[in-house]
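Residue numbering restarts at 1 for every chain, and letters A, B, ... go by the order of the sequence lines. What's counted below: heavy atoms across the whole structure, side chains too, no hydrogens, waters or symmetry copies.
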Amino acid sequence: MIDYLEELNSSQLAAVKNIEGPMMVIAGPGSGKTRVLTYRIAHLIKTGIDAFNILALTFTNKAAKEMRNRIETIINNSEAHNLWMGTFHSVFSRILRIEADKINYSPNFTIYDTSDSRNLIKSIIKEMNLDKDYYKPSIIHNRISNLKNNFITPDGYENSPELIQTDKIAKRDAFSKIYYKYNQRCFKAGAMDFDDLLLNTYHLINEFPDILYKYQNKFQYILVDEYQDTNHIQYLIIKKLAALNENICVVGDDAQSIYSFRGADIQNILNFQSDYPDYLTFKLEQNYRSTSNIVCLANSLINHNKKQINKEIWTNNHKGEKTIICKTIDDNEEGRIVSNTISEIQRKEKTLWVDYAVLYRTNAQSRSLEEALRRKNIPYKIYGGLSFYSRKEIKDVLAYCRLCINPDDEEAIKRIINYPARGIGNTTMQKLIITADNLNLSIWDILINIEKYDLKINNGTKQRLEDFTQLINSFIITKDKYDAYELVEKIIKNGGIYHDLFSDKSIEGINRFENVQELLNGIKDFCKNTKENKLDSFMQDVALLTNEDNEKENDKNKVTLMTIHAAKGLEFPYVFVIGMEENLFPSIMTIDSKDGLEEERRLFYVAITRAEKRLFLSYALNRFRWGKYIDCEPSRFLDELDKQLIDFNEIKITKKPTYKKPYKLYTKIKKEASTKSSNLKKIDSIKNNLKYFSNTLNENIMVGQNVQHSRFGNGKVIKIDGEYANQKATIFFKGIGQKILLLKFAKLKIIK
DNA sequence: GTATTATCTAAGTCT
DNA sequence: TAGATAATAC
């Protein structure tokens with residue numbers, strides 16, 4: 001057994017050993033916060049507290065998983081399995097599924113993700129014939145989400161002249177009606193959105209004292225990580241749950257609060273102090289992560305913020321190198337410089353790729369980076385952006401699955417009632433929705449009793465609807481007979497998805513097919529690893545999954561590309577923060593308000609403090625944004641950094657290559673080629689361009705070579721067909737078999 | 001009702 | 001620029 005208490009410094013040890021009572025740990029970046037949390041939980045269990053009685057709320061599911069594993073090794077038994085540990089959303093959805101009947105939901109309720117919610121709002125706006133210039137789904141949704149997070153129901157909204165006035169001015173008089181309808185439709189569809197998971201949990205424990213009591217007794221020890229990023233509802237729920245025992249430990253850092261847009265409220269830290277007057281504070285101020293230069297640089301930045309809890313972050317680590325700020329001509333050059341620098345350091349210092357991270361303010365910035373890294377054959381992985389689970393083909397398959405579990409799910413029905421095309425169009429769908437809405441029933445209720453209602457549809461359409469109902473029913477009937485994998489396989493085959501995807505031989509089509517295959521593989525793994533291998537179990541938290549939750553083995557040693565938000569809690573030896581420009585970072589949306597600006601500064605603080613050994617900052621004078629080049633100015637944050645800790649422009653600006661930007665060239669060609677124009681001259685010139693393009697990107701892949709593919713792993717090239725951009729390689733992958741891949745999309749790396 | 005093409009419009013961070 | 005929507009032809 002590891003003697004865990006030996007590995008802590010005095011303040012960490014004090015925080016770990018203080019078992020009873022309310023306590024707050026203020027933990028600077030790199031100060032061993034996760035260590036304190038894991039050791040504290042391990043210590044609780046070691047002193048005889050039952051793991052069943054511990055609740056730990058983390059910020060990501062990945063963090064929870066890692067922590068659980070570490071606790072398991074520390075305490076050397078499997079008791080850690082009994083811990084309740086996860087994000088607020090996943091823990092609360094688990095409680096809600098157990099207690100669903102109390103609030104008139106089925107335990108199999110659906111979780112609507114952002115796009116489900118927005119689609120629903122969009123159709124409500126359409127049904128109400130509202131002016132879509134004033135009623136934009138995303139704005140309405142944000143507003144609803146904000147209200148929910150501030151605990152304001154539609155009725156509460158109606159009672160607030162102030163809120164009503166705000167919407168009146170914005171010409172959104174019908175807002176409260178939309179809000180009301182949205183809730184009603186979610187409920188009827190047996191669905192909760194992300195905010196409902198919190199709100200309904202609050203309702204549950206607020207209105208059912210026996211349930212509150214049950215969980216108060218169960219969760220005798222509560223730990224909350226990243227407390228600075230909890231919102232008001234989360235605060236209220238924790239407060240209620242902890243009220244009986246008051247054994248609550250919150251861990252956070254006000255300087256790293258970066259989620260106010262999601263309702264996070266630093267006020268929660270102050271509330272904690274007034275709620276539990278006899279609380280104890282532990283400050284972790286020693287940074288073990290970064291060089292002293294980086295720690296001082298971060299301090300010099302964050303001192304510009306007015307709102308702060310007093311603390312002094314310091315380190316014993318050696319000085320290290322200065323931070324480099326690099327000016328570049330445009331975003332493409334920025335990408336090139338970053339990738340050149342990475343490969344240079346990698347060559348000199350023999351590091352792993354996983355030691356590098358490139359961080360940015362917005363997801364859109366990843367593109368120029370990707371291009372540069374690919375050109376240098378540097379393996380990378382992008383986090384965030386379009387998640388695997390938000391791809392159309394994946395959502396389609398999951399919509400079938402959702403219907404099997406909860407046929408009332410309106411968004412799922414809308415998604416697939418005509419996918420694959422079965423002749424049920426918009427008009428029919430509108431009739432169904434309106435009838436259901438009028439009768440206060442779900443669409444499925446109408447479908448299964450279609451004879452009973454006068455929908456004014458012709459017999460052909462009616463037959464098609466009946467066929468659809470029959471199809472879904474056939475899955476529902478057999479859903480307990482098969483495990484999740486078998487059932488989804490049946491759905492894909494019988495539902496016509498397989499046929500639809502398989503017949504599409506375009507590049508995108510092949511890609512979609514592969515994605516569905518990957519989903520199936522994921523479900524197969526799930527079935528192998530759990531006893532509860534029915535579809536119900538698989539679907540339970542699928543809406544709460546993110547890309548990080550299904551990390552692949554061969555993704556491990558890669559350069560990380562992610563937003564700063566996503567990088568919270570992580571650390572890397574080498575960190576690049578790109579796009580240090582006004583209007584981008586700080587974002588243009590925040591520069592008008594002091595609070596907004598302070599939050600952006602905290603965000604930059606988070607970015608800086610991810611770095612262990614070296615930090616590189618860069619900005620471009622020109623950036624391709626919103627379809628055109630715009631002039632940029634360096635970020636004001638750069639001026640706020642201590643100049644003594646910085647070297648400007650140490651990286652030499654590489655000579656601009658003479659070729660045009662391949663990406664642009666390619667999209668242009670794709671567009672031209674698809675217009676089927678038979679202008680010979682044009683095609684000729686396109687061919688020449690493509691030749692150039694494919695030569696630059698494919699790095700001369702030849703028969704017999706060993707190559708690496710991001711998904712399939714290592715393989716050998718057997719055959720190459722086609723010309724230029726249409727070049728296809730037949731490759732044999734170990735353990736997977738033969739695949740035909742289009743070279744320009746396959747992102748192959750030659751292995752020597 | 002469906003598939004294709006032309007036009008318009010928005011543009012952030014995440015569970 | 002890219003995604004959504006409107007317009008058009010089948």
Kindly say if T428(A) contacts the phosphate of dG1(B), meaning a side-chain N or O under 4.0 Å from OP1 or OP2. yes
Given the C1' atoms of dA4(C) and dT13(B), what is the spacing between them in whole Å? 23 Å
Within the structure, does a side-chain N or O atom of T563(A) lie under 4.0 Å from either OP1 or OP2 of dC14(B)? yes
Please determine whether side chain to side chain donor-acceptor pair (under 3.5 Å) holds for the pair N231(A) and N149(A), giving the CA-CA distance in whole Å, both sets of side-chain angles, and the decisive distance to 0.1 Å. CA-CA 7 Å; N231(A) 65 28; N149(A) 280 314; 3.0 Å; yes
Atom CZ of R118(A) and atom C1' of dG3(C) are separated, to the nearest Å, by 14 Å
Calculate the interatomic distance between D229(A) atom CG and dT15(B) atom P; express it in whole Å. 12 Å
For a quick check of understanding: with a heavy-atom distance under 4.0 Å over all strands, which category does E600(A) fall into, base, sugar-phosphate or nothing? base
Testing dT15(B), dG12(B), dT13(B) for proximity to the side chain of F261(A), the answer is dT13(B)
Measure the distance from CG on N418(A) to P on dG1(B) and round it to the nearest whole Å. 9 Å
Please report, rounded to the nearest Å, how far the P atom of dT9(B) is from the NZ atom of K136(A). 9 Å
Could you state the atom-to-atom distance from CZ of F468(A) to P of dG1(B) in whole Å? 16 Å
Is the Y259(A)-F59(A) ring centre distance short of 6.0 angstrom? yes
Do K594(A) and E599(A) have side-chain heavy atoms sitting under 4.5 Å apart? no
Nucleotide nearest T87(A) (side chain, heavy atoms from C-beta), chosen from dG12(B), dC14(B), dT15(B): dT15(B)
Is any side-chain N or O of T114(A) under 3.5 Å from a base N or O of dT15(B), one able to act as donor and the other as acceptor? yes
If you pin L603(A) and N426(A) to their nearest nucleotides in DNA chain B, which one's is more 5'? N426(A)
With sugar-phosphate meaning primed atoms plus P, OP1 and OP2, does T362(A) contact a base, only sugar-phosphate, or nothing at under 4.0 Å between heavy atoms? sugar-phosphate
Do the ring centers of Y235(A) and Y227(A) come within less than 6.0 Å of each other? no
Nearest whole angstrom, please: distance from the P of dT13(B) to the OH of Y383(A). 18 Å
From CZ of R625(A) over to P of dT9(B), roughly how many Å is that when rounded to an integer? 21 Å
Any side-chain heavy atom of I178(A) within less than 4.5 Å of one from I125(A)? yes
Checking all strands, does F88(A) fall into the base, sugar-phosphate, or nothing category for heavy-atom contacts under 4.0 angstrom? nothing
Option among L584(A), I564(A), I578(A) that satisfies the side chain to side chain contact (heavy atoms under 4.5 Å, CB included) test with Y360(A): I578(A)
Between E393(A) and N515(A), a side-chain donor and acceptor under 3.5 Å: yes
Could you walk me through whether L120(A) and D116(A) pass the side chain to side chain contact (heavy atoms under 4.5 Å, CB included) test, one step at a time? CA-CA 6 Å; L120(A) 176 54; D116(A) 291 322; over 6 Å; no
Using the C1' atom as the reference point in each nucleotide, state the distance between dT5(C) and dG12(B) in Å, no decimals. 23 Å
Give a yes/no on whether any side-chain N or O of N363(A) is located under 4.0 angstrom from OP1 or OP2 of dC14(B). yes
Measure CD1/I424(A) against P/dT2(B) and give the value in whole Å, please. 9 Å
Using a 4.0 Å heavy-atom cut-off to protein, can you give one letter per nucleotide of nucleotides 5-10 of chain C, 5' to 3': B if the base is in contact, S if only the sugar-phosphate is, - if neither? SS----
Ignoring backbone atoms, establish whether T427(A) has a side-chain N or O less than 4.0 Å from OP1 or OP2 of dG1(B). yes
Would you kindly compare R464(A) and F194(A) by the position of their nearest DNA chain B nucleotide and give the one closer to the 5′ end? R464(A)
